Amino acid sequence: MEGCTLCPRRCGVDRTSAVGYCATGSLVKVARAAKHFWEEPCISGTEGSGTVFFSGCTLGCVFCQNREISREGVGREVTTERLAQIFQNLEKQGVHNLNLVTPTHFTPQILQALELAKPAVPVVMNTGGYERVETLRKWEGKVQIYLPDLKYVSTELSGKYSAAKDYFSVASEAILEMHRQQPELIWEGDLLKRGMIVRHLVLPGGMRDSLAVLDFLDKALPKGSFLLSLMSQFTPTPACGAFPEINRRVTTYEYQKVADRAAELGFAGFAQDRRSAKKEYTPPFDLEGV
Ligand code: SF4
């Protein structure tokens, strides 16, 4: 196997015998494949999103709520054929879409599985936004809905909290490429069939950077051609203990300032009730459906 350069880390390791930053080998590892009702309403609908949580991650966020799978290796290795069956089983349950959570480091295997499964429902690429344009081009025609985060503009914050100083320069280009592939919103009733939803999680003390994120989106993309999902459920993890400035929830004032600016700029999309119960956002990684 050639050295892996699927993501911006470009570790160059042969993943049949070694692991890179994402800590995964050449077999796909999945922690859960089940209906999920806690995505944006146009993704979850009434029947749920067919969410497949992949183990490993190319980012290293200290506030990651899925650490068990992103860094601690929880999950089961499956063949490409088994992954195709997992996709088909979800589809049989009547889900509105197949929602691939953090799939980048398994790009070739997932594309093969999609080729075998031939899903009739939209495929969602649910990602932290830290993507190489070259890798995204491999997904062209296979993904109907892009669901990237845009976490930061500041190199200082992205370096400190996600171990990726180049996050914004990479993610901003990635979002432009995703939008090039899916440049408009196509709906079927209340459900999104094609398009892009950009998520942004407001961080404690990160208001100024959140405003910079909005400013970038405002200038980069036509209004109404994508959705913005502004999230408030930041929850400190034990790893946040090393960063006292983010070791707390976001205040109503901080979130509201950002939400007000998003409304002023005229973004279409979703804001979140700050009282949202946080538990439901992180399902158990118990190998259900794997
Ligand atoms: S996908 Fe993993 S091994 Fe490949 S370049 Fe990225 S972090 Fe490194």
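Values in this document were obtained by computation on a predicted structure and should not be read as measured data. Positions are given from 1 along the sequence. Start at 1 and go down the list; that is how both ligands and their atoms are numbered.
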Novice: Would you tabulate the side-chain donor-acceptor contacts of residues 110-127 under 3.5 Å, counting partners in other chains and residues two or more places apart, or write 'none'?
Specialist:
unit_1 : atom_1 : unit_2 : atom_2 : d
K118   : NZ     : E115   : O      : 2.7
N126   : ND2    : E39    : OE2    : 3.4
N126   : ND2    : N99    : OD1    : 3.1
T127   : OG1    : G129   : N      : 2.8
T127   : OG1    : E131   : OE2    : 2.6

Novice: Can you list the residues that meet the side-chain contact (heavy atoms from CB on, under 4.5 Å) rule with H96, with sequence neighbours excluded?
Specialist: T46, E47, L191
Novice: Once salt bridge (charged side-chain N to carboxylate O under 4.0 Å, His left out) is applied, what residue pairs with a partner in residues 69-80 remain, sequence neighbours excluded?
Specialist: R67-E72
Novice: Can Y152 and Y167 be said to form a ring-ring contact (aromatic ring centres under 6.0 Å, His included), step by step?
Specialist: CA-CA 7 Å; Y152 319 91; Y167 177 85; 5.5 Å; yes
Novice: Ignoring waters, how many N, O or S atoms from the protein are under 2.8 Å from atom 8 (Fe) of ligand 1?
Specialist: 1
Novice: Check for a donor-acceptor pair, side chain of K151 on one end and backbone N or O of H200 on the other, with a separation under 3.5 Å.
Specialist: no
Novice: The test is ring-ring contact (aromatic ring centres under 6.0 Å, His included); show your working for F168 and F216 and say whether it passes.
Specialist: CA-CA 10 Å; F168 178 71; F216 163 75; 5.2 Å; yes
